[in-house]
Amino acid sequence: MRVLVVEDYEPVRSSVVQALAEEGFAVDSAENGRDGLWLAQSGDYNVIVLDIMLPDTSGIEILQTLRNAQQQVPVLLLTALGAVDERIRGLNIGADDYLIKPFALAELLARVKALVRRSYGDGTTIIQVRDLQIDTNARTVSRNDAVIELTAREYNLLEYFARRRGQVVTRSDVWQSLYDMQSESSSNVVDVYVGYLRKKLDTPGQPSLIQTRRGLGYVLEAE
């Protein structure tokens with residue numbers, strides 16, 4: 001999934017970006033409020049990790065601008081230990097969660113994953129599609145109880161299809177959700193990775209779990 005990190009302190013920003021990337025997230029980042037607001041308004045993110053104290057434009061101002069524009073992307077605020085009033089204000093404006101500095105990266109990752117699940121209406125870490133089971137916390141996949149080894153990019157694509165199971169997903173949808181702004185877009189890459197997934201997931205002689213809708217995109221069949 002795709003995450004935006006807005007944090008002015010470079011060591012924290014780099015650590016958070018690296019940790020999210022290692023978990024398979026596509027990550028964009030900004031070091032000030034002005035750039036952060038621009039990215040938040042122009043990108044399609046599953047979660048925004050937003051520091052409150054930022055140059056140019058504060059995290060609270062960014063959050064308020066997004067909510068006033070009816071943008072409901074989940075927002076995790078990063079706050080200082082003593083900033084109780086700011087945390088309360090942020091939650092009242094529409095923040096979904098907050099984390100107090102200094103924090104453990106493992107906790108931040110867990111909170112981001114929980115916000116992603118919530119945004120898709122999933123209350124569990126397990127996604128079941130027929131005989132295919134995806135554990136979004138452990139990032140493991142099995143079919144008929146047989147473990148399927150996937151690369152990080154293959155897994156990300158499968159989880160995205162699974163969260164939108166039964167819906168047609170276009171190549172553009174995939175790029176907007178799984179790749180950061182530094183990635184060079186190519187619809188052929190999506191086709192290639194769908195091919196990889198089919199080889200690993202499908203049973204010979206049986207219909208593919210991932211169906212092509214010619215001229216539209218792909219759909220992971222729920223039935």
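The shown structure was predicted, so the numbers you read here are calculated from the model rather than taken from an experiment.
By the 4.5 Å heavy-atom criterion applied to side chains, Arg67 and Val73 are counted as neighbours. Taking the side chain as every heavy atom from C-beta outward, Leu78 and Leu50 never approach each other to under 4.5 Å. Using a 4.5 Å heavy-atom threshold, the side chains of Leu209 and Phe161 count as separate. Contact annotation: the side chain of Val141 never approaches that of Glu159 to less than 4.5 Å [non-hydrogen atoms, C-beta and beyond]. For the pair Glu61 and Leu54, the minimum side-chain heavy-atom distance is 4.5 Å or more. Put simply, the side chain of Asn137 reaches to within 4.5 Å of the side chain of Lys113, judged on heavy atoms.
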Residue pair Arg13, Asp51: steps toward the salt bridge (Lys or Arg N to Asp or Glu O under 4.0 Å) verdict: CA-CA 10 Å; Arg13 185 176 66 255; Asp51 187 26; over 6 Å; no
Steps toward side chain to side chain contact (heavy atoms under 4.5 Å, CB included) verdict (Leu76, Ile48): CA-CA 6 Å; Leu76 170 64; Ile48 296 177; over 6 Å; no
Test side chain to side chain contact (heavy atoms under 4.5 Å, CB included) applied to Lys199 and Glu154, step by step: CA-CA 11 Å; Lys199 288 179 181 178; Glu154 290 167 352; over 6 Å; no
Candidate pair Tyr218 and Asp191, rule side chain to side chain donor-acceptor pair (under 3.5 Å), full reasoning: CA-CA 10 Å; Tyr218 298 101; Asp191 297 336; 2.6 Å; yes
Worked verdict on Leu20 versus Val5 for side chain to side chain contact (heavy atoms under 4.5 Å, CB included): CA-CA 10 Å; Leu20 288 166; Val5 177; 3.7 Å; yes
Intermediate values then yes/no, side chain to side chain contact (heavy atoms under 4.5 Å, CB included), Val219 and Gln167: CA-CA 6 Å; Val219 58; Gln167 302 175 32; 5.6 Å; no
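Scanning all heavy atoms of the two residues, the minimum distance from Pro55 to Asp8 falls at CD-CB, 3.5 Å. When all heavy atoms are compared, the tightest approach of Leu39 to Ser29 is CD1-O, 3.7 Å. Annotation for Ala162 and Ile134: closest pair CB-CD1, 3.5 Å, computed over non-hydrogen atoms.
Looking only at distances, a side-chain donor or acceptor of Asp96 sits under 3.5 Å from a matching main-chain atom of Val75. Between the side chain of Asn144 and the backbone N or O of Ala146 there is no donor-acceptor pair closer than 3.5 Å. Within the 3.5 Å criterion, the main-chain N or O of Ile210 finds a donor-acceptor partner in the side chain of Ser208. A donor-acceptor pair is defined here as one N or O able to donate and one able to accept, closer than 3.5 Å; no such pair exists between the side chain of Gln206 and the backbone of Thr203. Checked by atom type and distance alone, the side chain of Ser14 pairs as donor or acceptor with a backbone atom of Glu10 at under 3.5 Å. Not a single donor-acceptor pair under 3.5 Å links the side chain of Arg171 to the backbone N or O of Gly217. Put simply, the side chain of Arg118 never gets that close to the backbone of Leu115: no donor and acceptor are under 3.5 Å apart.
One finds the CD1 atom of Ile52 at 8.0 Å from the OG atom of Ser58 (value rounded to the nearest 0.5 Å). Put simply, CG on Leu91 and CD on Glu86 are 11.5 Å apart, with the number rounded to the nearest 0.5 Å. Separating the CG atom in Asp85 from the OG1 atom in Thr79 is a distance of 11.5 Å, to the nearest 0.5 Å. From Gln128, atom CD reaches atom CZ of Arg165 across 9.5 Å, with rounding to the nearest 0.5 Å.
Every residue two or more places apart in sequence or in another chain that forms a salt bridge (charged side-chain N to carboxylate O under 4.0 Å, His left out) with Arg213 is listed here: Glu221. In this structure, the salt bridge (charged side-chain N to carboxylate O under 4.0 Å, His left out) partners of Arg164, at least two apart in sequence or on a different chain, are Asp173.
Tyr98 and Ile88 are not part of a single hydrophobic cluster, where members link through side-chain heavy atoms under 4.5 Å apart. Note: the hydrophobic cluster containing Leu157 does not contain Leu216 (ILVMFWY, side chain heavy atoms under 4.5 Å, direct or indirect links). Placement of Ile126 and Leu220 in two distinct hydrophobic clusters is found when ILVMFWY residues are connected by side-chain heavy-atom separations under 4.5 Å, directly or transitively. Leu63 and Val84 are members of different hydrophobic clusters when ILVMFWY side chains are connected at heavy-atom separations under 4.5 Å. One hydrophobic cluster holds both Phe103 and Val47 under the rule that ILVMFWY side chains link at heavy-atom gaps under 4.5 Å.
A cation-pi geometry, defined here as NZ or CZ lying under 6.0 Å from the six-membered ring centre and within 45° of its normal, holds between Arg153 and Tyr193.
Judged purely by distance below 3.5 Å, without hydrogens or angles, the side chains of Asn156 and Arg139 pair a donor atom with an acceptor atom. For the residue pair Arg198 / Thr212, a side-chain donor-acceptor distance below 3.5 Å is found, with atom types taken as modelled.
The hydrophobic cluster analysis finds Val147 isolated: no Ile, Leu, Val, Met, Phe, Trp or Tyr side chain comes under 4.5 Å of it, directly or through other members.
Between Asp202 and Arg130 there is no salt bridge, since no side-chain N of the basic residue sits under 4.0 Å from a carboxylate O of the acidic one. Contact check on Glu149 versus Lys200 returns no salt bridge, with no Lys/Arg side-chain nitrogen under 4.0 Å from an Asp/Glu carboxylate oxygen. A salt bridge links Glu7 with Lys101: the closest approach of a Lys/Arg side-chain nitrogen to an acidic carboxylate oxygen falls below 4.0 angstrom.
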